[in-house]
Amino acid sequence: MDKNMFCFQCEQTIGCSGCTGNSGVCGKTADTAKLQDELTGALIGLARAVDSTTAVSKKTSQVIIEGLFTTVTNVNFDNASIESMIQKVRAEKERLAPDCSKCQSPCGKTDEYDMQQLWNADEDTRSLKSLILFGIRGMAAYAYHAAVLGHEDDEVNLFFCEALFKIGYEDSTEALLSTVLKVGEINLKCMALLDKANTETYGTPEPTEVTLTVEKGPFIVVTGHDLKDLQLLLEQTSGKGINIYTHGEMLPAHAYPFLKKFPHLKGNFGTAWQNQQKEFDHLPAPILYTTNCLMPPKSSYADRVFTTEMVAFPGTVHIDEKKDFTPVIEKALELGGYKEDQILTGINGGTKVTTGFGHAAILSHADTVIKAVKSGDISHFFLVAGCDGAKPGRNYYTEFVKQAPSNSVILTLACGKFRFNDLDLGEIGGLPRLMDIGQCNDAYGAIQVAVALADAFECSVNELPLSFVLSWYEQKAVCILLTLLHLGIKNIRLGPSLPAFLSPNILNFLVENYGIGPITTPEEDIKALQSGCVQ
């Protein structure tokens with residue numbers, strides 16, 4: 001493949017086929033893309049150095065998870081940082097297999113993998129290996145957040161090595177397809193691990209109304225997903241006269257009891273990640289970037305952007321593992337914030353949103369929900385969830401929610417909800433029709449709700465009046481989709497476009513076995529999903 005770069009891991013890839021020029025749609029340069037490929041190849045070499053008959057060491061697991069997380073869309077565009085990660089991976093491989101580099105008769109056992117072999121493979125092999133690779137990249141983000149809170153799982157950690165090995169050295173379609181579905185199986189364990197880590201650390205989320213008004217005075221905006229970073233920032237800003245506002249996927253933080261106790265965690269600023277360059281441009285406050293779902297900062301506000309964890313962008317200040325947020329705090333005091341309160345709104349004009357309807361909150365009202373279904377007060381559940389993005393066609397999800405029958409319930413999660421989460425859809429039986437379950441990783445909660453309802457009605461999840469209408473953008477959405485397929489969930493609508501890395505044969509397999517299909521129009525999809533007549 002004689003191109004400047006090749007990348008088709010996100011939904012916005014050029015022409016729904018692949019970014020091949022000097023830079024991708026996401027903004028990363030060809031040089032950065034090649035370094036990410038080199039890092040992936042090094043990770044495959046490291047996986048080959050791991051003895052698969054024993055548990056992966058904590059240090060090795062950390063390196064693999066960090067390396068995979070670094071390559072998720074919009075996490076790290078800083079070449080020096082990626083090069084440092086590559087050297088970290090190589091050093092860990094040398095530690096595990098010190099004799100390989102000195103061997104006079106190399107067997108190739110721990111060789112790094114040339115990603116051009118993958119990009120130039122036949123389209124079905126490339127498709128299956130891409131599903132595995134992008135799936136474990138997304139899963140690595142969840143494993144990383146759990147590890148930060150002290151929770152790890154040996155089976156999850158070992159699978160990263162297994163999957164990397166298969167990407168580099170497996171060519172059997174059957175074995176690759178089996179591994180694709182295993183990504184979904186292991187990701188379910190990983191999401192359960194993170195759910196446990198979050199709730200044991202911060203308490204069980206509870207329904208919480210969040211204002212979109214930004215009060216006058218110094219403030220800091222926190223974007224990304226990492227609750228631990230938010231906790232540390234709240235602790236370090238306590239009593240300093242600085243308010244904290246969440247952005248994007250940090251919104252669900254307001255629902256955790258431990259974090260809610262900080263009075264200066266005030267509300268939510270802005271909408272989803274793709275609007276950052278507009279929303280942050282004239283903000284009189286610093287922004288802390290904690291994970292992915294980020295836009296490269298414009299020069300007009302790059303001096304107000306601070307990164308941490310695996311995030312790195314050229315020209316921004318990075319907060320290292322010591323987690324001293326003093327530079328962010330000083331910048332907030334220097335800028336001073338707004339002179340008067342700013343009454344801001346969501347996309348649809350609402351001035352507040354609600355979050356915190358995790359599986360524990362919803363299932364605490366299970367009797368009410370079951371009664372409403374049996375009486376006909378609730379006719380259908382729609383899980384309208386997933387990533388937001390800038391590509392045209394995403395207004396579909398706003399219109400779908402607006403047009404959903406008044407006796408239906410909308411469950412949502414991830415940043416796609418910002419298309420409609422400020423709408424007032426009313427209530428059914430004292431419960432809101434629109435329930436925000438949380439971040440993208442809280443898809444685990446949606447699964448728990450579905451399984452509990454299926455048990456209550458003594459049927460399968462596919463027999464419930466429940467439909468999945470999903471939007472995707474990056475790799476965390478890929479691993480969640482594979483989890484749903486692992487669970488046998490059928491008739492998922494996916495948009496705004498289907499992944500470029502699905503070859504016709506693999507797509508046909510998904511259609512024939514799972515009924516997965518592209519979104520059409522809200523009117524047609526609502527009618528088809530309610531009737532069960534999904535093609």
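Values below: every heavy atom of this structure, side chains too, minus hydrogens, waters and symmetry copies.
Counting only heavy atoms from C-beta outward, the side chains of Ile506 and Leu131 approach each other to under 4.5 Å. Between Thr291 and Phe69, some side-chain heavy-atom pair lies under the 4.5 Å cut-off. Residues Pro432 and Leu425 are not in side-chain contact: their nearest non-hydrogen atoms beyond the backbone lie 4.5 Å or more apart. Side-chain atoms of Thr13 and Phe501, non-hydrogen and from C-beta on, never get closer than 4.5 Å to each other.
Remark: side-chain polar atoms of Asp153 are paired, donor with acceptor, to backbone N or O of Glu155 under 3.5 angstrom. Proximity of a side-chain donor or acceptor of His486 to a complementary backbone N or O of Val183 within less than 3.5 Å is not detected. Here the side chain of Gln475 pairs a donor or acceptor atom with the backbone of Thr73 at under 3.5 angstrom. Judged by distance alone, the side chain of Glu152 and the main-chain N or O of Asn157 form no donor-acceptor pair under 3.5 Å. The closest donor-acceptor contact from the side chain of Gln277 to the backbone of Pro296 lies under 3.5 Å. Between the side chain of Arg419 and the main chain of Ala272, no donor-acceptor pair closer than 3.5 Å is present. Formation of a donor-acceptor pair under 3.5 Å by the Glu474 side chain with backbone atoms of Cys293 is not found in this model. Under a 3.5 Å cut-off, the side chain of Asn348 and the backbone N or O of Asp422 do not form any donor-acceptor pair.
Annotation: ring-ring contact (aromatic ring centres under 6.0 Å, His included) contacts of Tyr202 (sequence neighbours excluded): Phe258. Among residues two or more places apart in sequence or in another chain, the ring-ring contact (aromatic ring centres under 6.0 Å, His included) test is passed with His225 by none. Every residue meeting the side-chain contact (heavy atoms from CB on, under 4.5 Å) condition with Ser460, not counting sequence neighbours, appears here in chain and number order: Asn462, Glu463. By the salt bridge (charged side-chain N to carboxylate O under 4.0 Å, His left out) test, Asp195 is found to be paired with no residue, residues two or more places apart in sequence or in another chain being considered. In this structure His380 satisfies the ring-ring contact (aromatic ring centres under 6.0 Å, His included) test together with Phe382, sequence neighbours excluded. For Ser471, there are no side chain to side chain donor-acceptor pair (under 3.5 Å) partners at least two apart in sequence or on another chain. In this structure, the side-chain contact (heavy atoms from CB on, under 4.5 Å) partners of Thr345, at least two apart in sequence or on a different chain, are Thr351. Judged as a side chain to side chain donor-acceptor pair (under 3.5 Å), and not counting sequence neighbours, the contacts of Thr483 are Asn187. The side chain to side chain donor-acceptor pair (under 3.5 Å) check on Ser497 picks up Glu11, Lys391, with sequence neighbours excluded. Under the rule for a ring-ring contact (aromatic ring centres under 6.0 Å, His included), Phe509 has no partner lying at least two apart in sequence or in another chain. Qualifying side chain to side chain donor-acceptor pair (under 3.5 Å) partners for Tyr301, counting only residues two or more places apart in sequence or in other chains: none.
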_Verdict with reasoning, Tyr338 to Phe219, per ring pair (Phe, Tyr, Trp, His ring centres under 6.0 Å)_ = CA-CA 9 Å; Tyr338 292 114; Phe219 67 97; 5.6 Å; yes
_With side-chain contact (heavy atoms from CB on, under 4.5 Å) as the criterion, how do Leu68 and Leu164 come out once you've worked through the C-alpha distance, each side chain's angles and the decisive distance to 0.1 Å?_
CA-CA 10 Å; Leu68 286 168; Leu164 284 165; 4.2 Å; yes
*Might you work through the side-chain hydrogen bond (donor to acceptor under 3.5 Å, both in side chains) test for Asn407 and Ser379, ending with a clear yes or no?*
CA-CA 6 Å; Asn407 61 349; Ser379 65; 2.9 Å; yes
*side-chain contact (heavy atoms from CB on, under 4.5 Å) between Asn421 and Leu251: does it pass, once the steps are laid out?*
CA-CA 11 Å; Asn421 68 338; Leu251 167 64; 3.8 Å; yes
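Salt-bridge formation is not detected for the pair Asp377/Lys371: no Lys NZ or Arg NE/NH1/NH2 atom is positioned less than 4.0 Å from an Asp or Glu carboxylate oxygen.
Remark: Leu234 CG to Lys260 NZ distance equals 14.0 Å, nearest 0.5 Å.
Counting only residues at least two apart or on different chains, no side-chain hydrogen bond (donor to acceptor under 3.5 Å, both in side chains) pair has a member in residues 438-456.
Between Phe400 and Phe420, the distance from one ring center to the other does not fall under 6.0 angstrom.
By the neighbour-count criterion of 12 heavy atoms within 6.0 Å, atom CG of Asn508 is densely surrounded, having more than that number from other residues, nucleotides or ligands. For Lys196, the NZ atom sits in a loose shell: 12 or fewer heavy atoms of surrounding residues, nucleotides or ligands are nearer than 6.0 Å.
Looking at Thr412 and Asp436, their side chains never bring a donor and an acceptor atom within 3.5 Å of each other.
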